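In what follows, a structure is listed as structure tokens, so that the remarks can point back to it.
Just so you know, these numbers come straight off a predicted model, no measurement behind them.
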Amino acid sequence: MIASPSTPMLEPVVWNALGYPFEAVPMLAGVSACMIVRVWVCLKDAPYTARARALDITVTGITLLFSAGWVLMQRPSPFFALLSGCGFGALGTGIIALSLKWVQRIDAIAPPEGHGAADDQELSQIDAVRSRARGAQHTRHKRRH
């Protein structure tokens, strides 16, 4: 004889966002862990200026979106969603650098070889012109006073 369970099996709560179904607990775990890590990083390291806070809010938004996207794509268990959220929160601005490298791997978007060196040389020339102009302006100011 096979005994049937007396309590029915509970199914996880499934939510939908823009037509994408996902389990609620891993999403809440991942996004909450990401937010908590970002708050900790922002409070620990950032200077108390409006610009720094604005950048922190922007980076926090990006990390939250990456965490949510990861949970939607991977459908991890709650524990691995927590780990992923912590990781994305700690990565912070590194997400931008990784995303740029990922996009640049596409040949149509990537700058041609040696293009970066030409840009660096051009920027150096512009900086040299600016510093000469500032020096000349400083000299004129001294003569007047």
| task | Search all heavy atoms of W70 against all heavy atoms of P76 and return the closest pair with its distance. | result | O-CD, 4.5 Å
| said: How close do P21 and V14 get, counting heavy atoms only, and between which atoms? | reply: CB-CG1, 4.0 Å
| query | At their closest point, which heavy atom of S67 faces which heavy atom of G85, and how far apart are they? | reply | OG-CA, 3.8 Å
| query | If we only count heavy atoms from C-beta on, is the F80 to P26 side-chain gap below 4.5 Å? | reply | no
| task | Using the rule that two of Ile, Leu, Val, Met, Phe, Trp, Tyr join whenever any of their side-chain heavy atoms come within less than 4.5 Å, decide whether V39 and I36 are in one cluster. | result | no
| remark: On a heavy-atom basis, the closest approach of R75 and F22 is NH1-CA, 3.4 Å
| Do Y20 and N16 have side chains that get closer than 4.5 Å, going by heavy atoms? | no
| query | Does the cation-pi check pass for R105 over W102, that is, NZ or CZ under 6.0 Å from the six-membered ring centre and within 45° of its axis? | reply | yes
| field | Distance-minimising heavy-atom pair for C42 and T60 | value | SG-OG1, 4.2 Å
| message | So, taking the atom named CG in L91 and the one named OG1 in T63, what distance separates them when rounded to the nearest 0.5 Å? | response | 9.0 Å
| request: Locate the shortest heavy-atom distance separating A81 from V71; write the atom from each residue and the value. | output: CB-CG2, 4.2 Å
| said: Could you tell me if the side chain of I62 sits less than 4.5 Å from the side chain of I96, heavy atoms only? | reply: yes
